[in-house]
**Q** 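Here it is: the structure, laid out below.
These numbers were taken from a predicted model, which means no experiment stands behind them.
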Amino acid sequence: MTIKTRFAPSPTGHLHVGNIRTALHNWMFAKKQGGVFLLRLDDTDAERSKEEYVTAIREDLAWLGMAPDEEQRQSARFDRYEAQLEKLKASGRVYPAYETAQELDLKRKIQLGRGKPPIYDRAALALADAEMAAFEAQGRKPHWRFKLDHEVPITWTDLIRGDQHFNPALLSDPVIRREDGSWLYILPSAIDDIDMEITHVVRGEDHVANTAVQIQMFRALGAEPPEFAHEALLVGTEGKLSKRLGSLGVSSFRERQIEPQAIIALLARIGTSDPVEPIVAVEPLIATFDFSRFGRAPARFDKEELAQLNQKIVHLLDYDEVQRRLPEDMDAAAWEVIRPNLHDMGNVDQWWQVVTGPVPVAELSPEDREFLSIAHARLEELEASDYLWKSLTDALKDATGRKGKPLFMPLRQALTGLDHGPDMNALLPLIGKAAALARLAKAAA
RNA sequence: GGCCCCUUCGUCUAAGGGUUAGGACGCGGCCCUUUCACGGCUGAAAUACGGGUUCGAAUCCCGUAGGGGUCACCA
């Protein structure tokens with residue numbers, strides 16, 4: 001049997017870290033088994049679903065390198081849901097209810113006030129035909145609920161959480177369809193999982209109770225439930241499931257010059273017993289992916305940790321991977337020289353500026369300026385070569401007796417305008433003899 | 001409030017009765033580098049609390065505290 005996972009976001013907003021993590025785990029699990037990764041847009045809510053978010057979700061997944069193998073959307077399958085609902089009606093597993101949202105809300109408040117769990121009381125189940133007819137006569141239309149079988153305990157072995165047990169009597173019969181005919185996600189999701197032959201449902205632990213309900217739905221529809229893996233949610237650095245985390249999307253990562261590889265490397269490992277490591281290629285990440293390594297406690301997502309990982313990732317990036325984002329005339333050799341000093345890809349221009357100039361003129365003492373004019377004279381006599389820096393500093397050592405910091409720091413400042421930066425041995429050939437002479441002359445003046 | 005899950009260095013975690021409680025990230029120090037960074041080495045750093053069970057508990061049991069989730073005509 002081929003493995004098939006699905007990522008089922010509702011296009012009511014952009015993907016955020018939590019979403020991305022879930023998508024990633026679905027994708028990695030499928031890839032590890034040579035399976036299929038399905039993107040299913042849960043757009044049953046026509047009010048809130050927007051086409052721009054559909055596009056954004058596709059683009060974000062592609063940018064992260066996990067384009068789906070297949071795409072489906074629930075809005076195209078309403079006929080199918082209708083047909084399946086009829087079957088459930090026929091087998092008595094769904095029933096009409098006429099309460100208004102306000103009435104239900106009131107009931108819940110009363111239950112809560114009494115210290116009881118706010119579970120639907122199944123009043124609609126006791127309705128006589130005449131009462132229903134009366135509601136219909138008033139023009140009231142029913143919404144539909146799925147009838148949980150209270151006699152059958154719900155159990156499954158979760159790939160992350162282990163054996164799970166739910167008492168169906170402690171769960172509300174879920175509303176599956178509104179009076180206006182629109183669908184709630186829970187039944188369509190189960191129908192889709194069956195029809196699309198999903199073998200593994202990987203989602204956040206906020207769905208465990210839904211899974212309990214859906215397991216009865218699968219069975220009521222004559223299907224065996226798939227495997228389930230519910231992962232612990234991500235929390236922010238404050239320890240709470242932060243609102244800020246919900247707004248951290250791909251666009252904010254792009255703005256902050258975070259490479260997709262860094263996001264993948266962090267999200268693949270965070271909350272697992274494997275260490276978060278700067279790994280650029282996705283294959284080793286996939287190879288170590290294993291649900292048994294997932295912790296059950298919420299993991300902390302730290303933007304700072306992501307930034308640090310990103311820096312290490314940048315230091316591992318090959319020239320061909322970044323070439324199209326580099327200044328046009330920057331070659332592989334220059335990339336190698338500049339790369340170790342990068343904080344993120346946003347620093348490239350700054351360092352390339354140091355090579356191509358112009359650079360700011362350093363403030364120097366009269367002694368240093370005199371030293372630099374000697375340096376200028378010596379450099380003029382030298383051949384441009386890969387060892388230009390060594391030849392120059394050797395010559396100056398002999399000529400002036402300077403050594404150590406007093407020897408090289410004025411040179412670095414004159415040549416780069418900065419007191420830190422890439423190795424001058426590598427940098428000077430990049431700057432070139434002519435430009436170096438000009439900078440020395442300017443700083444000595 | 002009911003139900004479910006969780007609690008080991010700052011962070012992510014390993015160790016399912018006997019360990020100097022291990023690793024990774026971060027942090028400190030040293031080395032390398034005629035700068036910064038990179039890299040190498042090294043150090044500090046944890047079993048939430050209280051009771052049991054046991055020769056022996058991070059590990060099993062109970063309780064307390066704390067955290068997370070859920071209990072929608074959202075997904």
**Q** Could you state the CG-P distance from Asp105(A) to C71(B), rounded to the nearest angstrom?
**A**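 Result: 14 Å.
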**Q** Which nucleotide, C73(B), U70(B), G26(B), lies nearest any side-chain atom of Gln308(A)?
**A**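 Looking only at side-chain atoms, Gln308(A) lies closest to G26(B).
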**Q** Checking Asn210(A) side chain against Ile186(A) main chain: does a donor-acceptor pair fall under 3.5 Å?
**A**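 Answer holds: no.
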**Q** From the set C73(B), U70(B), A75(B), return the single nucleotide nearest to any side-chain atom of Ala209(A).
**A**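 Out of C73(B), U70(B), A75(B), the nucleotide with an atom closest to Ala209(A)'s side chain is U70(B).
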**Q** Could you tell me whether a side-chain N or O of Asp149(A) sits under 3.5 Å from a main-chain N or O of Gln216(A), the two making a donor and an acceptor?
**A**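 Flag not set: sc Asp149(A) to bb Gln216(A) has no pair under 3.5 Å.
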**Q** Quick one: do Arg325(A) and Glu259(A) make a salt bridge, cutoff under 4.0 Å?
**A**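 Salt bridge between Arg325(A) and Glu259(A), a charged N being under 4.0 Å from a carboxylate O: yes.
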**Q** C3(B) and C60(B): how far apart are their C1' atoms, nearest whole angstrom?
**A**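 Those two atoms are separated by 24 Å.
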**Q** How does protein reach along nucleotides 30-44 of chain B, written 5' to 3' as B (base within reach of a heavy atom under 4.0 Å), S (only sugar-phosphate), or - (no contact)?
**A** ----BBBS-------
**Q** Could you work out the separation of A72(B) and U13(B) based on their C1' atoms and round it to a whole Å?
**A**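 About 36 Å, rounded to a whole number of Å.
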**Q** In whole Å, measure the gap between the P atoms of A58(B) and G16(B) for me.
**A**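 Pairwise P distance, A58(B) against G16(B), rounds to 13 Å.
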**Q** If I pick the P atom on A46(B) and the same atom on G10(B), what distance separates them, to the nearest angstrom?
**A**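 7 Å, rounded to whole Å.
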**Q** Base, sugar-phosphate, or nothing: which does Arg177(A) touch, judged by heavy atoms less than 4.0 Å apart?
**A**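 No contact.
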**Q** Could you go over nucleotides 1-5 of chain B and give all protein N or O partners under 3.5 Å, atom names and distances?
**A**
{"residue": "G1(B)", "atom": "O2'", "partner": "Gly115(A)", "partner atom": "O", "Å": "2.8"}
{"residue": "C4(B)", "atom": "O2'", "partner": "Arg161(A)", "partner atom": "NH1", "Å": "3.4"}
{"residue": "C5(B)", "atom": "O4'", "partner": "Arg161(A)", "partner atom": "NH2", "Å": "3.2"}
{"residue": "C5(B)", "atom": "O3'", "partner": "Arg296(A)", "partner atom": "NH1", "Å": "3.3"}

**Q** Pick the C1' atom in G51(B) and in A65(B), then give their distance to the nearest Å.
**A**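 Nearest-Å result for G51(B) against A65(B) at atom C1': 14 Å.
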**Q** Is the ring centre of His420(A) less than 6.0 Å from the ring centre of Trp351(A)?
**A**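 When the ring centroids of His420(A) and Trp351(A) are compared, they turn out to be within the sub-6.0 Å range.
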**Q** C1' atom, U54(B) versus C61(B): distance in rounded Å?
**A**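 Here U54(B) and C61(B) have their C1' atoms 12 Å from each other.
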**Q** Rounded off to whole Å, could you give me the CG-to-P distance for the Asp158(A) and C6(B) pair?
**A**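 It works out to 11 Å between those atoms.
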**Q** Does this structure show an ion pair linking Lys32(A) with Glu283(A), if we count only N-O contacts that are shorter than 4.0 Å?
**A**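 Answer for the salt bridge query: no.
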**Q** Taking atom NZ as the centre, does Lys107(A) end up with more than 12 heavy-atom neighbours from other residues, nucleotides or ligands that are less than 6.0 angstrom away?
**A**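 Yes, NZ of Lys107(A) has more than 12 neighbouring heavy atoms, counting only those of other groups under 6.0 Å.
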**Q** Under 4.0 Å between a side-chain N/O of Arg269(A) and OP1 or OP2 of A24(B), yes or no?
**A**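 So the side chain of Arg269(A) is outside the cut-off, no N or O lying under 4.0 Å from OP1 or OP2 of A24(B).
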**Q** In whole angstrom, what separates Asp173(A)'s CG from C71(B)'s P?
**A**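 Between P of C71(B) and CG of Asp173(A): 15 Å.
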**Q** Could you tell me how far apart Ile119(A) (CD1) and U70(B) (C1') are, to the nearest whole angstrom?
**A**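 To the nearest whole Å, that distance equals 12 Å.
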**Q** Can you tell whether the side chains of Glu305(A) and Lys312(A) come within less than 4.0 Å, N to carboxylate O?
**A**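 No, no charged N to carboxylate O under 4.0 Å.
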**Q** Any ion pair linking Arg339(A) and Glu321(A) (charged N to carboxylate O, less than 4.0 Å)?
**A**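 Result for this pair is no, no salt bridge flagged.
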**Q** Which of residues 270-291 of chain A have a heavy atom under 4.0 Å from RNA chain B?
**A**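 Only Gly271(A), Thr272(A), Ser273(A), Pro275(A), Val276(A) qualify.
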**Q** Taking the minimum atom-to-atom distance to the side chain of Ser10(A), which one of U13(B), U70(B), A75(B) wins?
**A**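 Selected nucleotide: A75(B).
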**Q** Answer yes or no: is there an ion pair linking Arg93(A) with Asp173(A), defined by an N-O contact shorter than 4.0 Å?
**A**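 Salt bridge: no.
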**Q** Centroid-to-centroid, His25(A) to Phe289(A), below 6.0 Å?
**A**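 Yes: the rings meet the under 6.0 Å criterion.
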**Q** Give a yes or no on whether the ring-centroid distance for Phe291(A) and Phe29(A) is below 6.0 angstrom.
**A**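 Yes, ring centres under 6.0 Å apart.
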**Q** To the nearest Å, give me how far apart CD (Glu231(A)) and P (C6(B)) are.
**A**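 Going from Glu231(A) (CD) to C6(B) (P), I get 16 Å.
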**Q** Answer yes or no: is there an ion pair linking Arg40(A) with Asp193(A), defined by an N-O contact shorter than 4.0 Å?
**A**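 Here Arg40(A) pairs with Asp193(A) in a salt bridge, since their nearest N and O are under 4.0 Å apart.
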**Q** Can you tell me, in whole Å, how much space there is between the P of G22(B) and that of A45(B)?
**A**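 Pairwise P distance, G22(B) against A45(B), rounds to 11 Å.
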**Q** Can you check the Glu305(A) CD to A24(B) C1' distance for me, whole Å?
**A**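 Going from Glu305(A) (CD) to A24(B) (C1'), I get 10 Å.
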**Q** Between U8(B) and G23(B), how many Å separate the two C1' atoms, rounded to a whole number?
**A**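 One C1' to the other, the span is 13 Å.
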